[in-house]
Amino acid sequence: MNKTGMPEGFAFILEKVCPFTGARAGRISTPSGEIKTPVFMPVGTQGTVKAMAPFELKEIGASVILSNTYHLFLRPGREIIEAAGGLHSFMQWKGPILTDSGGFQVFSLATLNSISDEGVLCRSHLDGSLHLMNPEWSMDMQRILGSDIAMCFDQCAPYPCTREEAALAVERTTKWARRSLEAHKKEEGKGGAQALFGIVQGSVYKDLRLRSAEELLPLDFPGYAVGGLSVGEPAEEMYAMLSELKTVLPREKPRYLMGVGRPDNLVEGVALGIDMFDCVLPTRNGRNGTLLTPAGSMNIKKERYAKDFGPLVPGCDCYACRTFSRSYIRHLYRAREILASRLCSWHNLRFLVRLGEEMREAILEERFPAFLADFRSRWKGEAE
RNA sequence: GGUGGGAUGGCCGAGUGGUCAAAGGCAGCAGACUGUAAAUCUGCCGACACCGUCUACGAAGGUUCGAAUCCUUCUCCCACCA
């Protein structure tokens, strides 16, 4: 670990900051390659971005993908991942991987869990078996996975939640961040370079967000994530939290807004100083027949597209848009053909990855405010 | 020619005197999806003047306060026998 809190093989260079909005362009170096920011990271929960092969992700322009500690722990399990030589080699994705700690599953699988300071007693959603998940467990598993960026084991408060609940989650998240860091240092001795990011909690309470950040900053993580947002709160609440954190989070470290999201959330997030995003939306919605466009979502299942032989989204450079008509994709979807899921995921992923590229370009070329205004004027939430 | 079984909303298919505009499934239409228990889930799905009325369970007639359900005749389909 060098003097800036950055582990070997990991670095963040802030290339340019938009003086009007605070939008940032940068580069993250990892042992598996470079990530240009702002960046959208496709989610590959079970060691695969659903319906997409690694070479296709490369074609799409994805530079880093997400995977999940909890899911890969339950299946295939620690032993098999270790025997495979880590996740990169197991899933044949050579680029950077960020692993989520399992903290989010504590929240999303709440009915199966009981939480204490020690950790989370979690019933497997697969077979009902009982597991204790805590910072030490998470750091061990993330080391086995061999991700380039690991996340602290945190507690994500639901929305809505009371101040008291949110405060407890912050308190626990801080405790767990210390333990995560401690455990991670020990794991480092076992070889491999991995950056560990801290996660700011605090629900929609400004003071709690600030407290959470204040408590985590001394731990000097090489990157900071904002968690516990996009869990059902109005977008304005999310933006309010981000603007609160904008000046508090260290300028020279990457900032990651977890679980976001929609194109408008990405753009507003970048305008509020965020560098990294991940979301299941492009793949999940893609599998469910919803496509992203500059104006908003469009549902390819609609009857109105039955005889629409134009491209999915005019002007899009993705394989699906370059090749197939709306009518054809609608047909595939209705016929429940697996190619529909693939092509819609393909488009949505490309759309968000490109959005990151476009924002980066705009920031570097010092025209982000115009980009922002243009995006807002086009965005309606729904296409046509 | 005889005997038995059957005909239910776009399709398949429950229902055998009232609580039936009629289960369930499919198809259709619409909506949702934000660190993935999701190729998932939800709603609508006879007509209209839509908190009500009308038309409906092969057709026509009958029994009954009341029928998709019981009776009669007819039409068509299936099986077996001749």
Side-chain-base donor-acceptor pair under 3.5 Å for A:Thr290 and B:rC33
yes

Integer angstrom distance from the P of B:rC44 to that of B:rG24
11 Å

Is B:rG1 paired to anything, Watson-Crick or G-U wobble with both distances less than 3.5 Å, and if yes, which nucleotide?
B:rC81

Rounded to whole Å, the CG-C1' distance (A:Asn348 to B:rU34) equals 13 Å

Could you give the CD-to-P distance, from A:Glu382 to B:rC33, as a whole number of Å?
11 Å

Return the set of residues passing ring pair (Phe, Tyr, Trp, His ring centres under 6.0 Å) with A:His71 (not counting sequence neighbours), or none when no residue passes.
A:His125

Between B:rU16 and B:rA67 - C1' atom distance, rounded Å
10 Å

Salt bridge present between A:Glu15 and A:Arg360 (N-O < 4.0 angstrom):
yes

Paired with B:rC50: which nucleotide, if any, by Watson-Crick or G-U wobble criteria at under 3.5 Å for both distances?
none

If you measure from the C1' atom in B:rU53 to the same atom in B:rA21, how many Å do you get, rounded?
13 Å

Positive for side chain to side chain donor-acceptor pair (under 3.5 Å) with A:Gln155, one of A:Lys175, A:Arg172, A:Gln201
A:Arg172

Before accepting this row, confirm whether a basic side-chain N of the pair A:Lys253/A:Asp220 lies closer than 4.0 Å to the acidic partner's carboxylate O.
yes

Using whole Å, what does the distance between atom C1' of nucleotide B:rG31 and atom CG of A:Asn285 come to?
12 Å

Can you tell me the pairing partner of B:rC76 across any strand shown, Watson-Crick or G-U wobble, with both distances under 3.5 angstrom?
B:rG6

Would you tell me if any nitrogen or oxygen in the side chain of A:Arg334 comes within less than 4.0 Å of OP1 or OP2 on B:rC29?
yes

According to ring pair (Phe, Tyr, Trp, His ring centres under 6.0 Å), who are the partners of A:His131, at least two apart in sequence or on a separate chain?
A:Phe73

Closest-nucleotide ordering on RNA chain B, the 5'-leading residue of A:Arg330 and A:Asn265:
A:Arg330

Once base and sugar-phosphate atoms are separated, protein heavy atoms under 4.0 Å mark nucleotides 35-47 of chain B, 5' to 3', with B, S and - as BBBBBB-------

Write down the partner of B:rC20 under the Watson-Crick or G-U wobble criteria, each distance required to be under 3.5 Å.
none

P atom, B:rA82 versus B:rC11: distance in rounded Å?
37 Å

Separation of the C1' atoms in B:rC20 and B:rG31, to the nearest angstrom:
29 Å

Full working for ring-ring contact (aromatic ring centres under 6.0 Å, His included) between A:Phe309 and A:Tyr328
CA-CA 8 Å; A:Phe309 295 100; A:Tyr328 179 65; over 10 Å; no

Does this structure show an ion pair linking A:Glu182 with A:Arg178, if we count only N-O contacts that are shorter than 4.0 Å?
no

Going by purine N1 to pyrimidine N3 plus the second Watson-Crick contact, or the G-U wobble pair, all under 3.5 Å, which nucleotide sits opposite B:rA14?
none

With rounding to whole Å, what would you report as the distance between B:rA27 and B:rG9 at their C1' atoms?
13 Å

Take atom P in B:rA60 and the same atom in B:rU75, then report the distance between them in whole Å.
15 Å

Hey, any chance A:Met241 and A:Val248 share a hydrophobic cluster, counting ILVMFWY side chains that come within less than 4.5 Å of each other, even indirectly?
yes

Rounded to whole angstrom, note down the C1' distance from B:rU69 over to B:rA56.
15 Å

B:rA32: pairing nucleotide in any strand, Watson-Crick or G-U under 3.5 angstrom
B:rU40

